[in-house]
Amino acid sequence: MKKILYLLLAVVGAIAVSCGQKAEKAEPEADGAVLRANEENNSRLAVALNGGQLGEASAMADSMALMVDDLTPEQTVQVLTAFLTIHNEAVRAKETRKDLETLRKYVDVYDIALSANPADTRAAFEKARRLNPSVNFDSVAAAFRERLTQYDAIHDGSLNAPEPADTVAADTVAASDEVPLELRPAE
């Protein structure tokens, strides 16, 4: 009976040790999966931008921007470049709302990336600037921030049309007219 008890304890101990080893191995595998997913997103974003598929590029950049803390500085540069391209297209097509949304996204990603990893992000900015001297992420962010400040000052911080002058109509404005949460600037 004691032999069976010792055998069971040995088996339970072996299982515990092997589970611990698997758990230790699972973390690097999970990190590798995140890294592979980020690289795949990066590649898809590059293909969409180079192919002129701005709708897909916009969706990819939005998706990647949600995980800006997990992006490498080079991926951050690519997302910012995508937002800059989307901005240029929105201006060309005179899509003011899309342009303002893109400006806010650009500034948010820029700010988060610099606060999370300032040295490496600045190095990636400089590397991108050496490849394309016309792109200065810092000056673009400053210009976008200024434009958003002016727009917010004119429109009282709202992306919606100004409220109607009639007080009865103003009281009946639905709550759905508020700016959606995903379009609001980060606090």
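Computed from a predicted model, the values in this text were never measured in an experiment.
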field: Among Thr85, Thr81, Val79, side chain to side chain contact (heavy atoms under 4.5 Å, CB included) partner for Phe83
entry: Val79
task: If the plane angle is over 60° it's perpendicular, under 30° parallel, otherwise tilted; pick one for Phe125 and Tyr110.
output: parallel
query: Going by an N to O cut-off under 4.0 Å, is there a salt bridge joining Asp152 and Arg147?
result: no
message: As a quick check of understanding, evaluate side chain to side chain contact (heavy atoms under 4.5 Å, CB included) for His87 and Phe144, giving each step before the final call.
response: CA-CA 10 Å; His87 154 73; Phe144 285 2; 3.6 Å; yes
task: Decide, yes or no, whether a salt bridge links Arg97 with Glu101 under the criterion of side-chain N to carboxylate O below 4.0 Å.
output: yes
message: I want to check something: taking the side chain as every heavy atom from C-beta on, are Asp111 and Arg145 in contact at a cut-off of under 4.5 Å?
response: yes
query: Taking atom CD1 of Ile154 and atom OG1 of Thr149, what is their separation to the nearest 0.5 Å?
result: 11.0 Å
message: So does Thr72 get a backbone contact from the side chain of Gln75, meaning a donor-acceptor N/O pair under 3.5 Å?
response: yes
- request: Output the distance between atom CG (Asp138) and atom CD (Glu126), rounded to the nearest 0.5 Å.
  value: 9.5 Å
task: Give, for atom CG of Leu148 and atom CZ of Arg104, the distance between the pair rounded to the nearest 0.5 Å.
output: 5.0 Å
message: Looking only at the side chains, is there a donor atom on one of Gln78 and Glu74 sitting less than 3.5 Å from an acceptor on the other?
response: no
- line: OG1 (Thr102) and CD (Glu95) are apart, to the nearest 0.5 Å, by 9.0 Å
- line: Closest non-hydrogen contact found for Ile86 with Ser58 is CD1-CA, 3.3 Å
- request: Please report the closest heavy-atom contact between Asp69 and Ala116, naming both atoms and the distance.
  value: OD1-CB, 4.0 Å
field: Arg129 and Phe137, any side-chain heavy atoms less than 4.5 Å apart
entry: no
query: Can any side-chain N or O of Ser115 pair as donor or acceptor with the backbone N or O of Ile112 at less than 3.5 Å?
result: yes
message: Which heavy atom of Ala113 sits nearest to which heavy atom of Thr76, and what is that distance?
response: CB-CG2, 3.4 Å
- prompt: Quick one: do Arg92 and Asp99 make a salt bridge, cutoff under 4.0 Å?
  reply: no
field: Single hit among Val109, Asp108, Leu80 for side chain to side chain contact (heavy atoms under 4.5 Å, CB included) with Val68
entry: Val109
